[in-house]
Amino acid sequence: MKKKNKLLLIDGSSIAFRAFYAIPGSLDRFMNKNGLHTNALFSFHRMLENEMDKEKPTHVLVAFDAGKTTFRHAFYQEYKDGRSKTPSEFKEQMPYLRELLQGFGIPHYELDNYEADDIIGTLATHADPAEFEVVVVSGDRDLTQLAKENVRVDITIKGVSEIEENTPAYLMEKYGLAPHQIIDMKGLAGDSSDNIPGVTKVGEKTALKLLQEFGSVEGVYENVEDMKKSKLKENLINDKEKAFLSKKLATIDTDSPIEVKVEDLAYKGKDISKLIEFYKEMDFKSFLSKLDTTAHDAENQVKREAIDYEVVTEVTKEMFGEKGAVYLEMLSDNYHLADIVGVSWTNGAKIYVAEPDVALFSPIFQEWAKNPSNVKQVFDAKRTYVALKRYDIDLESIHFDILLASYILDTNDNSKDLSEVAMEHDYYDVASDESVYGKGAKISIPNDANVLYEHLARKAKAIAYLSEHLIAELEKNEQIELFYQMELPLSMVLAEMELTGVKVDAPRLLAMKTEFTARLQDIEQRIYQEAGEEFNINSPKQLGVILFEKMNLPVIKKTKTGYSTAVDVLEQLSAQAPIVDDILQYRQIAKIQSTYVEGLLKVIHGHTGKVHTRYVQTLTQTGRLSSVDPNLQNIPIRLEEGRKIRQAFVPSHEGWKMFSSDYSQIELRVLADISGDAHMKQAFIDGEDIHTSTAMRVFGIEKAEDVTSNMRRQAKAVNFGIVYGISDYGLSQNLNITRKQAQQFIDTYLDKYPGVKQYMEDIIKEAKKDGYVTTLFHRRRYLKDINARNFNLRSFAERTAMNTPIQGSAADIIKVAMIEMAKELKTHQLKAKMLLQVHDELIFEAPEEEIPALEKLVPEVMEKAVKLSIPLKVDSSFGDTWYDAK
DNA sequence: TCAATCACG
DNA sequence: ACGTACGTGATTGAA
């Protein structure tokens, strides 16, 4: 029979403790920005969600143990003695557990002198069986004594999510005991964790046997004289007092003087704002972003402030002010192609929403967009600019971009979702895109147009609000300049580069495709022959079986899931079987074919024959750009076979050339500058080959001619290592030498370059003190693990602390150069277009007659972009295709 | 959706 | 003793 009500009683103390140990080694991974451990909170949260979802209780309570002493101590001083001290990492989380419960809207209770068990026992026992079904959750088996017809006791087995459901029937089946006999079991067997003595030499097994025969502790002692002489009998008689004491200790008081009544425990749902506050404080970002979608049911609806907006079918002048926010909605990432499904904007006083055609084809809207005296605030300037450009609308005077600002404030805030960015900055009045449009393949405009309109209106409002708010944050971080002089202007430069696009010689790619297809088939057949069977060469799993099981080649490296078949492994196996070289060859060509030939063909825009990458400006942790759809920053160059792909990148006009300029050793130059190391600086000032120079110092060689190519190679690897945040292991892997030798190299290097050594030490110290490191232009990267106790996490953070200012400052420099370059092309009225940025190089297309001008202008601009204490050096080249610009 | 692999700086 | 070089994106196969 189904009961009207369900009461969920959670043993908070026990579950919290279990939660603390639930995920092994989780201690250092779960820490909030203030260094508070959060692992127990995280696991407790998961358990709560699971239970609430599964049980859907009408009433709920979390009970805690109160203080150290209980009524049990009154008759047994040693109760719970001998427990090891609770770790401070656990204790510090307990106050926040109560905050979590408040967020969930779950009451908690504790009672002086009593344990959580007693509170739970009292409530469970007295809940009217006609009305209440009761579920108890604990990590402590003792509580199974509470099981009865309407009371189920869930005990956590592993972690906090796997549970064993104890009903009287289950206990009978598993132990042959009724619930109340669990107490007798403790009486006889004791419990070392609570320091309950029990009878000497009697454990669970013996106790079970005795209880099956005599029913209870009392029963055992009524019959103890009749037992035949044995050690057990002797122990029972000697420990009679202990047995009864133990039974008393293990007995849950089901009549404790609690002041809560079941009726008070009615569940009223989550307190969303408290919960948001809690998630933010704990840095539980995934929960924060899920909150909207989990709040579908009406009773858990997120409470947002009401919003006033107008849906317009005609645009008038009064709708715009001198300053305002504008938002274009697109449901897919690629704004070069995506449909605009709605437009919203605000003039500061009122908010307007319009169907795309209403706004985009309105002369008044167009005029507002391109009038520089109307200042605009947006979310993702580049996206907005490019999308409007497709309608021939120039968006001028973008004054603020909350996505870009949010990224600058914290490189971890790089969500594409406006509501997430807003929440990161304490603004909660926008729904997540997922909750409005759905996710994955099911993304679509909501059936009710008003849902869309309100969503867009809220976005416009959020942009306007946050624009004002985030400027103050940038100021606090001394990042106003970084934002206004670098990132915001750069976003416009990037927009133009993306819109220009790069011409791709499709017939050339198609010819390559035909050739590669034939070669792949050829190698494929050979591999099958050598393997003696056909299999999927692209599957590392199947390949592993062939190589290491069928052919019995030695296993050199393993991955998490099986054998590693990565290049470095295969190269070591190459001598042992001809199949290995064929596989390497196959891999190489298959990669070029699928990623570059076919991949590029797929993204060529039909009418222009160009590819239009998107530079992601708000993603990397260092300040670099990234390039997607297609990625034009990883076009092959190292191996000739792949390098030929570059022949397909051509100028978009007849008689034009591809032109390329790249910084020479920019990262090492940056290191020389920021470390101030005298020797390194001198080498650059003197225009020396830096790797040769390093080899000379490290190997103690007088003349550059005497540096062998091998020495230079090793010195180069050490230089790389220094930039990456050196470790002996990493270097040893790279150079294929022992760790000892690698460490020797590093020690010598740091000896010879004391300025670098000092820098590495200082930057780590700085990171530990501030919690972040910065670049030349005040870009910031927070390193949450820099003070972690976990060696790996801490080491990684330390290497990052060393690397980020180097990589990040180099990124700053080329960004400045790009902005300058765009300006210069304009002022010199050159036809040349900047097309690509690949971290330390810029690629242009230009009429042949402009090449001499570029050869002078581009290096000059790049070298003078930023003044360092050492010179920057740029090399240039040009040719008919990207391949030839080498 | 994740892991493995490999392309780039 | 711990187990790693720094920063990315696309494709593939296997759940």
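Keep in mind that what you see is a predicted model, and the values were worked out from it rather than measured. All chains are named by letter (A, B, ...) in the order of the sequence lines, taking the proteins before the strands, and each is independently numbered beginning at 1. The analysis underlying the following values was restricted to heavy atoms, covering all of them including side chains, and did not include hydrogens, waters or symmetry mates.
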Between A:Q621 and C:dC6, does any side-chain N or O lie under 4.0 Å from OP1 or OP2?
-> no
Nucleotide nearest A:N538 (side chain, heavy atoms from C-beta), chosen from C:dG13, B:dC6, B:dA7 = C:dG13
Among the nucleotides B:dC8, C:dT12, B:dA4, which one has an atom lying closest to any side-chain atom of A:N634?
-> B:dC8
Tell me: CD1 of A:I592 to P of B:dT5, nearest whole Å?
-> 19 Å
Return the nearest nucleotide to the side chain of A:T559; candidates are B:dG9, B:dT1, B:dT5.
-> B:dT5
Winner on side-chain proximity to A:K560, out of C:dG13, C:dT4, B:dA3, is B:dA3
Give a yes/no on whether any side-chain N or O of A:R794 is located under 4.0 angstrom from OP1 or OP2 of C:dC2.
-> no
Before giving the answer on salt bridge (Lys or Arg N to Asp or Glu O under 4.0 Å), spell out for A:E515 and A:R519 the whole-Å C-alpha distance, their side-chain angles and the decisive distance to 0.1 Å.
-> CA-CA 6 Å; A:E515 184 206 324; A:R519 285 176 63 189; 3.2 Å; yes
Closest to the A:N803 side chain, choosing from C:dA10, C:dA5, C:dC6 | C:dC6
Between C:dA14, B:dA3, C:dG3, which nucleotide gets closest to the side-chain atoms of A:F791?
-> C:dG3
Just say parallel, tilted or perpendicular for the rings of A:H612 and A:H336, cut-offs at 30° and 60°.
-> tilted
Picking from B:dC6, C:dG13, C:dA10, which would you name as closest to the side chain of A:R587?
-> B:dC6
If you look at every strand shown and take non-hydrogen atoms under 4.0 Å, does A:R638 touch a base, only sugar-phosphate, or nothing?
-> base
Round to the nearest Å and state the distance from A:Y729 atom OH to C:dA1 atom P.
-> 17 Å
Checking all strands, does A:T800 fall into the base, sugar-phosphate, or nothing category for heavy-atom contacts under 4.0 angstrom?
-> sugar-phosphate
In whole angstroms, the gap separating P of B:dG9 from CG of A:L619 amounts to 19 Å
What's the OH-C1' distance between A:Y596 and B:dC8, to the nearest Å?
-> 7 Å
When all nucleic acid strands are considered with a 4.0 Å heavy-atom cut-off, which category describes A:V628: base, sugar-phosphate, or nothing?
-> sugar-phosphate
C:dT4 phosphate, OP1 or OP2: any side-chain N/O from A:R739 under 4.0 angstrom?
-> no
Heavy atoms under 4.0 Å, any strand shown: does A:G721 hit a base, just sugar-phosphate, or nothing?
-> base
Using a cut-off of less than 4.0 Å, is there contact between a side-chain N or O of A:S626 and OP1 or OP2 of C:dG9?
-> yes
Counting just side-chain N and O atoms, does A:R799 come under 4.0 Å of either OP1 or OP2 of C:dA5?
-> no
Look at all strands and tell whether A:E667 reaches a base, only sugar-phosphate, or nothing, counting heavy atoms closer than 4.0 Å.
-> nothing
Do NZ/NE/NH1/NH2 and the carboxylate oxygens of A:E571 and A:R587 come within less than 4.0 Å?
-> no
A:Q647 versus A:T881, side-chain donor and acceptor atoms under 3.5 Å | no
Gap between atoms CD and P, on A:Q733 and C:dG3 respectively (whole Å) | 14 Å
Phosphate-side-chain proximity, A:T622 and C:dC6, N/O vs OP1/OP2 below 4.0 Å | no
Is any NZ, NE, NH1 or NH2 atom of the basic residue among A:K382 and A:E498 found under 4.0 Å from an Asp or Glu carboxylate oxygen of the other?
-> yes
Does a salt bridge link A:D505 with A:K503, judged by any charged N lying under 4.0 Å from a carboxylate O?
-> no
Scan A:V567 against the nucleic acid and name what it touches under 4.0 Å (heavy atoms): base, sugar-phosphate only, or nothing.
-> sugar-phosphate
Let me know the distance between CG of A:D728 and P of C:dA5, rounded to the nearest Å.
-> 13 Å
For A:L731, which contact category applies under a 4.0 Å heavy-atom criterion: base, sugar-phosphate, or nothing?
-> base
Is a salt bridge present between A:K644 and A:E640, judged by a nitrogen-to-oxygen distance below 4.0 Å?
-> yes
Can you tell me, in whole Å, how much space there is between the P of B:dA3 and that of C:dA5?
-> 16 Å
Round to the nearest Å and state the distance from A:Q743 atom CD to C:dG3 atom C1'.
-> 14 Å
Could you please name the partner base of C:dC2, counting Watson-Crick and G-U wobble pairs only when both distances are under 3.5 Å?
-> none
With sugar-phosphate meaning primed atoms plus P, OP1 and OP2, does A:A717 contact a base, only sugar-phosphate, or nothing at under 4.0 Å between heavy atoms?
-> base
Of the listed nucleotides C:dA10, B:dA4, C:dG7, the one nearest the side chain of A:K591 = C:dA10
Check: C:dC6 base within 3.5 Å donor-acceptor of A:Q807 side chain | yes
Are A:S539 and C:dA14 close enough that a side-chain N or O sits under 4.0 Å from OP1 or OP2?
-> yes
Given B:dG9, C:dA10, C:dG3, which nucleotide is nearest the side-chain atoms of A:N792?
-> C:dG3
Taking the same atom, P, in B:dA7 and in C:dT4, what whole-Å distance lies between them?
-> 22 Å
Nucleotide nearest A:R646 when distance is taken to its side chain, options B:dT5, C:dG9, B:dC8 | B:dC8
Under 6.0 Å between ring centres, would you say that holds for A:F745 and A:Y749?
-> no
Rounded to whole Å, the CD-C1' distance (A:E798 to C:dA5) equals 14 Å
Quick one: the side chain of A:S727 and the base of C:dT4, do they pair up donor-acceptor inside 3.5 Å?
-> yes
Between A:N734 and A:P540, whichever has its closest DNA chain C nucleotide further toward 5' is A:N734
